[in-house]
2 protein chains.
Amino acid sequence: MSGIFSNKCEYGLRAAVYIAALKKDQFVSIRSVAEALDISFYFLTKVLQTLTQANIMNSYRGPNGGISLSRPASEIHLNEIVIALEGRRSLEGCVLGLPECGGENPCPLHNRWMDIREEINQMLGSTTLQELADQNPVKLENIIKSAG
Amino acid sequence: MSGIFSNKCEYGLRAAVYIAALKKDQFVSIRSVAEALDISFYFLTKVLQTLTQANIMNSYRGPNGGISLSRPASEIHLNEIVIALEGRRSLEGCVLGLPECGGENPCPLHNRWMDIREEINQMLGSTTLQELADQNPVKLENIIKSAG
DNA sequence: ATAATTTAAGACAAAAAAGTCTTAAATATA
DNA sequence: TATATTTAAGACTTTTTTGTCTTAAATTAT
Ligand code: FES
Ligand code: FES
């Protein structure tokens with residue numbers, strides 16, 4: 001009933017864009033991100049732990065600790081985040097759920113789906129956090145609380 | 001962790017294509033479909049009930065009963081099945097999960113996502129069961145058991 | 001009428017996803 | 001050193017999805 005991505009992944013993407021948009025060169029606390037985006041602090045902590053383990057973010061404990069992007073926002077593509085949180089299958093699997101996609105056994109939707117999947121991968125693989133963070137502030141605001 | 005569609009929806013699509021491909025003008029039993037596609041009979045029954053309620057299939061009880069397409073396969077588009085099983089939001093919602101998509105409050109990914117969503121809707125809205133059922137038999141076979 | 005077949009409906013169970021909380025570890029500062 | 005802050009890790013709960021089973025209703029055939 002949900003959209004294309006799981007809640008986990010939606011939260012991870014929103015948080016990453018938000019952090020990139022802050023353009024802060026210190027760590028930002030997970031609590032403040034959770035509040036700004038109106039996401040459960042506990043749950044967001046788990047999501048960001050995953051992104052940290054995937055080398056997309058850095059974390060630091062203690063006062064003034066928090067998380068930060070592990071690289072310049074211009075070097076983090078959306079597909080990294082999606083793969084870390086949803087797994088490769090979400091970007092490579094068969095649209096009808098068959099165990100293998102393509103090769104010997106393409107399903108009846110395979111050709112049609114490949115065109116779309118290619119576009120999705122192209123978009124996610126070429127869009128960086130920087131580009132999203134640099135958008136019209138009006139759009140940016142709409143990942144934060146006031147929009148909900 | 002799954003693909004773009006839920007299991008329910010994958011099963012519904014596979015079953016619909018399978019039934020269309022049989023080109024049978026009688027009812028086909030759910031049990032035989034479930035066996036051919038290696039899907040739980042009980043679960044498939046639920047899925048097909050939903051499609052029946054959505055006027056995409058007809059069902060009939062008793063000996064020689066079963067289900068059939070409610071219209072010619074050339075008049076059933078994939079988006080109907082997806083909407084019946086996943087809800088409209090899956091084809092219209094915000095990719096970042098915001099409560100509204102577009103209008104006043106587009107999210108940072110909105111423009112990029114709209115292009116893709118448009119393609120998905122275009123594909124699902126213009127592809128009929130007939131077209132999929134008429135494909136290369138090799139492809140068709142790959143929704144059935146032997147492929148799993 | 002009776003029995004057999006098949007879907008409908010709803011209860012039930014198991015698994016996965018989503019969300020919450022507690023305790024531990026790391027760090028900074030007083 | 002002691003205290004406060006903040007993430008890490010893992011247990012735990014709730015909700016949703018997925019899957020199973022039982023009983024009822026409809027239909028056919030004997
Ligand atoms: S085999 Fe189904 S999408 Fe490739
Ligand atoms: S507002 Fe997010 S995709 Fe439209």
Side-chain angles (χ1 to χ4, degrees), chain A residues 1-15 19 24 26-35 37-70 82 84-87 89-90 97 148, chain B residues 1-15 19 24 26-35 37-70 82 84-87 89-90 97 148:
Chain A
M1 218 60 150
S2 204
I4 185 180
F5 295 133
S6 66
N7 289 7
K8 220 167 59 170
C9 190
E10 291 173 356
Y11 296 165
L13 288 168
R14 286 169 60 201
I19 292 163
K24 215 179 143 191
Q26 295 143 343
F27 290 100
V28 46
S29 80
I30 297 178
R31 182 146 253 132
S32 71
V33 177
E35 265 171 34
L37 304 186
D38 199 25
I39 298 171
S40 149
F41 162 71
Y42 293 128
F43 196 44
L44 184 60
T45 295
K46 297 293 188 195
V47 172
L48 295 180
Q49 268 175 34
T50 301
L51 294 183
T52 298
Q53 285 155 3
N55 227 326
I56 294 166
M57 307 239 176
N58 282 332
S59 68
Y60 200 81
R61 303 195 228 195
N64 312 315
I67 52 167
S68 64
L69 302 180
S70 70
V82 172
L85 294 170
E86 302 269 46
R89 174 137 316 185
S90 69
Chain B
M1 219 58 152
S2 205
I4 185 180
F5 295 134
S6 67
N7 290 7
K8 218 167 62 169
C9 190
E10 290 174 356
Y11 296 164
L13 288 167
R14 286 170 60 201
I19 291 164
K24 215 179 142 189
Q26 295 142 344
F27 290 99
V28 47
S29 80
I30 297 178
R31 182 146 253 131
S32 72
V33 177
E35 265 171 34
L37 305 187
D38 200 25
I39 298 171
S40 150
F41 162 71
Y42 294 127
F43 196 45
L44 185 60
T45 296
K46 297 294 189 195
V47 172
L48 295 180
Q49 268 176 34
T50 302
L51 294 183
T52 298
Q53 285 156 1
N55 227 325
I56 293 165
M57 307 238 177
N58 283 331
S59 69
Y60 199 82
R61 301 195 227 195
N64 311 316
I67 52 167
S68 64
L69 302 180
S70 69
V82 172
L85 294 170
E86 302 269 46
R89 174 138 314 186
S90 70

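So you know, we letter chains A, B, ... as the sequences are listed, proteins then strands, and number each from 1.
Summarising the geometry, the separation between CD on Glu86(A) and P on dA16(C) is reported as 16 Å, rounded to the nearest angstrom. Between the CD1 atom of Ile67(B) and the P atom of dT27(D) there is a distance of 17 Å, rounded to whole Å. Note: CD (Gln26(A)) to C1' (dT5(D)) measures 16 Å, nearest angstrom. For Phe27(B) and dT28(D), the CZ to C1' distance is 13 Å, given to the nearest whole Å. Residue Leu85(A) contributes atom CG, which lies 14 Å from atom P of dG19(C) at whole-angstrom precision. Summarising the geometry, the separation between NZ on Lys8(A) and P on dT17(D) is reported as 16 Å, rounded to the nearest angstrom. Remark: C1' of dA8(D) and CD1 of Ile30(A) are 9 Å apart, rounded to the nearest angstrom. Atom CZ of Arg31(B) is separated from atom P of dC21(D) by 11 Å (rounded to the nearest Å).
The CG atom of Leu51(A) sits 8.5 Å away from the CD1 atom of Ile19(A) when rounded to the nearest 0.5 Å. To the nearest 0.5 Å, the span separating CG on Leu85(A) from OG on Ser90(A) amounts to 9.5 Å.
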(message) Quick one, Gln26(A) with Asn64(A), criterion side chain to side chain contact (heavy atoms under 4.5 Å, CB included). Give me CA distance, side-chain angles, the key distance, then yes/no.
(response) CA-CA 8 Å; Gln26(A) 295 143 343; Asn64(A) 312 315; over 6 Å; no
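A heavy atom lying under 4.0 Å from DNA chain D marks the following residues of residues 41-58 of chain B, by number: Tyr42(B), Phe43(B), Lys46(B).
Taking side-chain N and O atoms only, Ser59(B) has a distance below 4.0 Å to OP1 or OP2 of dA8(C). In terms of phosphate contacts, Ser40(A) brings a side-chain nitrogen or oxygen within less than 4.0 Å of OP1 or OP2 of dT20(C).
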For nucleotides 28-30 of chain C, list the nitrogen or oxygen atoms of the protein found under 3.5 Å from its nitrogen or oxygen atoms, one pair per line.
unit_1  : atom_1 : unit_2   : atom_2 : d
dA28(C) : OP1    : Tyr60(A) : OH     : 3.0

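Scanning for ring pair (Phe, Tyr, Trp, His ring centres under 6.0 Å) contacts around Phe43(A) gives Tyr11(A), with sequence neighbours left out. Scored by the side chain to side chain donor-acceptor pair (under 3.5 Å) test, Thr50(B) finds no partners at all (sequence neighbours excluded). With sequence neighbours left out, Phe5(B) forms a side-chain contact (heavy atoms from CB on, under 4.5 Å) with Val95(A), Cys9(B), Glu10(B), Leu13(B), Val82(B), Glu86(B), Leu124(B). Taking Ser70(A) as the reference, nothing meets the side chain to side chain donor-acceptor pair (under 3.5 Å) condition, with sequence neighbours excluded.
When atom types are taken as modelled, the side chain of Arg14(B) and the backbone of Leu37(B) share a donor-acceptor pair closer than 3.5 angstrom. In this structure a side-chain-to-backbone donor-acceptor pair under 3.5 Å is missing from Arg31(B) to Phe41(B).
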